[in-house]
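Each chain gets a letter, A, B and so on, in the order the sequences are listed, and its residues count up from 1.
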Amino acid sequence: QAPAPGKASDDVVKIGVLTDMSGVYADYGGPGAVTAAKMAIEDFGGKMFGKTIEIVSADHQNKADVAKNVTQQWFDRDKVDATFENLNSAVAIAVQGLGKEKNKITVVTGAASSKLTNEECSPNSGIHYLMDTIALGNVVGKAIVKDGGDTWFFLTADYAFGHSLEKDTGDVVKAAGGKVLGAVRHPLSTSDFSSFLLQAQSSKAKIVGLANAGLDTVNSIKAASEFGITKNQNLAALLMLITDVHSVGLNTAQGLYLTEGWYWDMNPETRAWAKRYEERMKKKPNSNHAAVYSSVMHYLNAVKAAGTDDTAAVLKKMKETPINDMFAKGGKIREDGRMVHDMYLFQVKTPAESKAPWDYYKLKGTVKGDDAFQSLAMSRCAALKK
Amino acid sequence: MTEIFGVPIQSLMGQLMIGLVNGSFYAMLSLGLAVIFGMLNVVNFAHGAFYMMGAFFSWLLLKHFEVNYWWSLLLAPLGVATVGVVVEKTMLRWLYQLDHLYGLLLTFGLALIIEGFFRDQYGVSGQPYDLPDIFKGAFDLGFMMLPKYRAWVIVACLSVCLATWFVIERTRLGSYLRAGTENPKLVQAFGINVPLMVTLTYAFGVGLAGLAGVLAAPVYQVNPLMGSNIIIVVFAVVVIGGMGSILGAVVTGLALGLIEGLTKVFYPEASATVVFIIMAIVLLIRPAGLFGREK
Amino acid sequence: MSADYILETQHLTKAFRGFTAVDGVNLQIVRGSIHALIGPNGAGKTTVFNLLTKFLPVTSGRIVYNGHDITSEAPAQIARRGVIRSFQISAVFPHLTVMENVRVALQRKLGTSFHFWKSDASLAHLNDRAMQLLGEVDLESFADTETVSLPYGRKRALEIATTLAVDPELMLLDEPTQGMGHEDVGRVVELIRKVSANRTVLMVEHNMSVVANLCNTITVLARGSVLAEGPYAEVSKNAQVLEAYVGSSEMEAL
Amino acid sequence: MDKRTKILYGALLLVALAAPFVGGYPIFLMKVLCFALFACAFNLLIGFTGLLSFGHAMFFGSAAYFCGHAAKAWGLTPELAVVLGTLGAAIMGYFVGWLAVRRQGIYFAMVTLALSQMVYFICVQAPFTGAEDGLQSVPRGKLLGLISLRDDTAMYYFVLAVFLFGFYVIYRTIHSPFGQVLKSIRENEPRALSLGYDVDKYKLLAFVISAGLAGMAGALKALSLGLASLTDVSWQMSGEVVLMTLLGGMGTILGPFLGAATIITMQNYLSGFGSWVTVIMGITFVVCVLAFRRGIVGEIAYRLKAK
Amino acid sequence: MSAGWNAVSMPTPATDAALSISNLHAYYGESHILHGVSLEVAKGELITLLGRNGAGRTTTLKAILGLTGKRTGSIKINGTEAIGLASHKIARLGIGYCPEERGIFSSLSCEENLLLLPKVGAGLAANKGLSVDELYAMFPNLKERRTSQGTRLSGGEQQMLAMARILRTGADILLLDEITEGLAPVIVQTLGRVIRELKVKGFTIIMVEQNFRFAAPLADRHYVMEHGEIAAVVEKHELAAKTEMLHEFLGV
Ligand SMILES: Nc1ncnc2c1ncn2[C@@H]1O[C@H](COP(=O)(O)OP(=O)(O)OP(=O)(O)O)[C@@H](O)[C@H]1O
Ligand SMILES: Nc1ncnc2c1ncn2[C@@H]1O[C@H](COP(=O)(O)OP(=O)(O)OP(=O)(O)O)[C@@H](O)[C@H]1O
Ligand SMILES: [Mg+2]
Ligand SMILES: [Mg+2]
């Protein structure tokens, strides 16, 4: 029984923002993500079909089972129509899986696992909005090799995520004519990277690729600077966030290459939005916050256009409509749920170059969305093959 | 170039040197644990949290009061020790009559509180603490660059450990401590102010952890999780060495740092587990630990 | 003639880091006898007990029990062979009731001690036997008391009852009367006499009147080696013993 | 069991049976049951054997992975997957216990903690655990190949049945000849040894039973939430089960159940508080240890007795 | 029974008392062990506490030092009220304690055990505590085993050590609990001699003894305890007359 046009299934449009409020990624998502979502609702006008748009948020503590529990209650009892953010890949996969089962829209921004549009894909309910590991490798790999960094050594976190990041990037490097000299695998959450870096150093590779994330990346960068590795070699962080750069400090991070989907200081539009955000949060937004804003706005527009909050109808609208806002230009949501948009290669400024707080990056290159993300033909998404 | 199993001997030396640095931290932390365990019969689960607190105090001192590294080296451990005094006087004190397990449980709770508090205040992504200027740069040892700061860490840790060992095994205060360890009530009945001694011992033990934290701040990230990451490894070190002896704690700590360093070269995949594997082997052949005394 | 001996040690030796506490001791315990091990403090008596029950590993020498070499067996194994010891310092299960203390010991013989799927009601039929044992040491009225709250002497009595419960072939008693009042001592002596009827007892004791009263054979240890051996009448006149142990010739006085 | 206890157990059973119909949210109820079983299994060690295992998450979590993998990759029916998880954990328990019973008291706690951390690292690297992403979308499958458990209420009754079985095993063990020996070992180990009990073997068996049941809880959890993740093997999880047991009352039969229910509820309501959840858990720990060592059930029992 | 106590102790002037206890109650947790014990010991006196097992003799000594649980009443040591003091402060009023279970420290060598105790109390003018050499002369066994770990000494050696170490501290009130327990006769004789010497030197001694034959010739006065109370007081000169009664109390 399709709901009458112009009316939400249960009278209200209600969205959920599930994020890490207190853990490792709290700066990346956290309260900032909730604020971004609220900004989107306000900018939209706050009402849909005459009723106030509602928003709920929760902390998943980076635990997939907490995330699943909360989302399940949202869907089952609290009549939430769509969830956003869903940072951290375990959480993202769990939530997307649940969305598939319950037929509710789930939009992932913060997590980078490419499984979301491959093995674990859910073309009829899930959207992966920001970057994924394949794009990260693609951008860094291609751009750096082009820039002359043609010999690589990887410092890889020893678990599935690290392995795939290493492999994907390695393939890109080789395809671009570069060489991979070797790799060393370090355990997850290592506090001391010096001995791995010594191995990287003796490889004499021009680029040391950091196929790890979070604290591991931060600690490797610190150790690299301490051991003087950055004098002769360049570091390329495959997944590094602006908050990580902030905590390492420019002194240590300067010269580092990294990929991002968005940066606050790219154009007047981004700066304007960042300013509004900063007024509320007293901090600069990062790419994830911008993506949450953009995705919520896109969702609301689609509901309005579809005249219903019915999942299939809304999703269809979301995929039909291109995304043109401060976050992305000409972005489009593909059949497999992948939101394709341009990606950027940045280099971290030296302390001298940085004029203001959070003035950290210089743009080194832009990679078109279709080149950055995995092509649909390569996708391992089983549901698409049918 | 000479090689051992395909690894140039020089880079091997470098790795050993680094292993020694990690070993120094293990040594200092397990020493503090051993001292506290000795006197209070408490396995101080919060040890990692105090280590983290030491690092944070030095960072806070720098940030808010522009206190430099050297003063931090003194003030931060004192601050941590003060917290230790409060903890001992208000909480641990009530547990001595009970099974040792309660001490472990209480300090586990404390560790959660401290970690949660710092997480809430300062986030999880970590804060940078710059090297003091005189330690910038490295010694060129020919086969490797040994960062000056790392060399200092080794020297500082070893001196502190030796001093502690001397005080406990060779001085009168030490024999009070050892006797108090066994039968505090009786020692008190002989006229020694045991409650004060216990408080100070705890303060000293966690102060050591705090000092390790300050030493670690420039090397690692100042991070609320840094304590819980290291403490379990230190527990394994303690099981391997046995808590029976001070010297044992130090030697085992250093040795395991070295072994871990070697593993990182030859089989890095296992470097997170090697300490635990060694622990299992030691349990098989010497259940009391390498330096432990069987009761 | 080892057949007469329930337990024999050959050159039993225990060295602690350079200090030899037990030095080549040859003991021969006649089946059915009450054998006393006496000697000055530090002679190594408790250590011998610890060696016999394998609470300490033997440095060298052999222990032969009922013709089997048990030198390398584990403590529980030796206990199951029927060698049960008491401790110099009382050893009870403080938070079990007095009755349960005895029953735990009785229970072993049932062979169901690993049966976690059985109800403990299956142990109820042991209660009578347990009461009987408690009766022998005058503890019936305490059967349901938690053991911690017993006075010391009672705890020692309970310990003997528990030891009896496993029906040992050879009982090793380490100073069973230590810390007891006089009337208790008399009772314990009678008890030991009674239970020794069909078993062998090896005991360490400082109370000479107890030894004189009970024991068939006495071995005197001094500095880890056997100084003298024989019946009370003989040993008590041995000049060496008098000098090492009693310090004067008035043994009767103490 | 006296009459009052019987009535109490009966009433509890009725509540459990009726819960989904009187507004209980089945997912939440299942979670409570899983953790209650976990805590009861843990309590068998600490409360009745005096062994504090600070690494019980390794059994809980590994079994969750075993069961999840069996159900997902091999398509095993739920009951078989749970059996497999339980057995897997029990076998692990055998090896871990074999090492750990060599040390006593506080060392035992540290050894188990360290070994569980090793298991954690292995789970991070092992191919079938999905590392950080976890083992996701575990299917609940059909009970005995017939009855679909997709429906939450159906699943709830399956969980309840398994829980009751596990609880019965624990109850039986405590009140068995074996349980008596365990208590005596807790009280005075050398004496038990001198009476001919091979104490290490008894401890080991207790450890294996406890590990197996913890595994059963983990397996159930993997099925009912459809997910096994690193959280389940982490040391924080080991700490949580200790807290549940401590709060409910160590060495009491119903305590761990109540403790688990309390903590899970608390976590549910406090999830908005961010890092303060950790702080509040920590404070609960401290308060329990300092002022409330008997735990909820222990305290009630004590008050009743005192009257 | 307190009438008996009054009768004998009133003549002793209170100021001269090294130790004066009145109406002492002591508890272990919830159990009430001492029910109003009163006794008085003049400087230089040696008294014994006799009684059956569990009569509360050890508890009396522990209560003096504050080693029991809760306690009430009054304990005056050399005129200072000690009931509210922490144990280490009580010890510093000049008390040496030789516990029933000896309390030798296993992590300390024999000699470290001997040297462990701090000097306490003002001490008698004549008594600065015995020197280590004097002590070794008194107990040659200890000298022989001086480097071995405390609890690796035999029971008897430990007893000697426990006795020896309090003589070093300068304490002038000694609380001795069953020091002959488990000792070979030859050592018991040595101890008897030592105690006699100490008495001559002016020490105040309170002895708990099971071994009445050992205690009888040494003591000035015997207190018989029963169920946590003083049941009778027997002066040295009354011994012969009251043997009957003692036997009844002690079950000899
Ligand atoms: N720590 C304790 N907790 C509870 N009760 C105790 C404790 N220590 C002793 N008691 C009890 O106090 C009473 C007096 O004991 P105490 O040790 O003073 O006796 P005693 O006269 O010295 O006898 P003994 O010959 O056994 O040494 C006994 O009933 C004993 O059971
Ligand atoms: N674990 C040990 N390590 C080193 N020496 C020990 C150990 N146990 C006992 N000894 C030493 O062995 C000797 C014999 O001790 P043991 O306890 O057997 O004496 P004992 O004959 O039982 O004396 P007592 O009658 O005083 O109890 C003593 O000198 C003691 O110091
Ligand atoms: Mg002995
Ligand atoms: Mg006594």
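Contact detail for Arg165(E) and Leu186(B): the closest heavy-atom pair is NH2-CD2, 4.2 Å. Among all heavy-atom pairs drawn from Phe190(B) and Phe105(E), the shortest one is CE1-CE1, 4.2 Å. In this structure, Gln188(B) and Ala91(E) approach most closely via the heavy-atom pair O-CB, 4.3 Å. Residues Ala189(B) and Leu65(E) share a closest heavy-atom pair of O-CD2, 3.9 Å. Closest of all the heavy-atom pairs between Arg178(B) and Leu108(E) is CB-CD1, 3.5 Å. Taking all atoms of both residues into account, the shortest heavy-atom contact from Leu116(E) to Ser175(B) is CD1-O, 3.6 Å.
The side-chain contact (heavy atoms from CB on, under 4.5 Å) test applied to Thr82(B) returns no partner, not counting sequence neighbours. Applying the side-chain hydrogen bond (donor to acceptor under 3.5 Å, both in side chains) test to Thr80(E) and every residue at least two apart in sequence or in another chain returns nothing.
Sparse packing is recorded around NZ of Lys143(E), with 12 or fewer heavy atoms of other residues, nucleotides or ligands lying under 6.0 Å away.
Looking at Leu175(E), there are no atoms closer than 4.5 Å to chain B (heavy atoms on both sides), in backbone or side chain. Looking at Pro118(E), the atoms closer than 4.5 Å to chain B (heavy atoms on both sides) sit in the backbone and in the side chain alike.
Ranked by heavy-atom pairs under 4.5 Å with chain E, the first of Asn193(B), Val194(B), Ile192(B) is Asn193(B).
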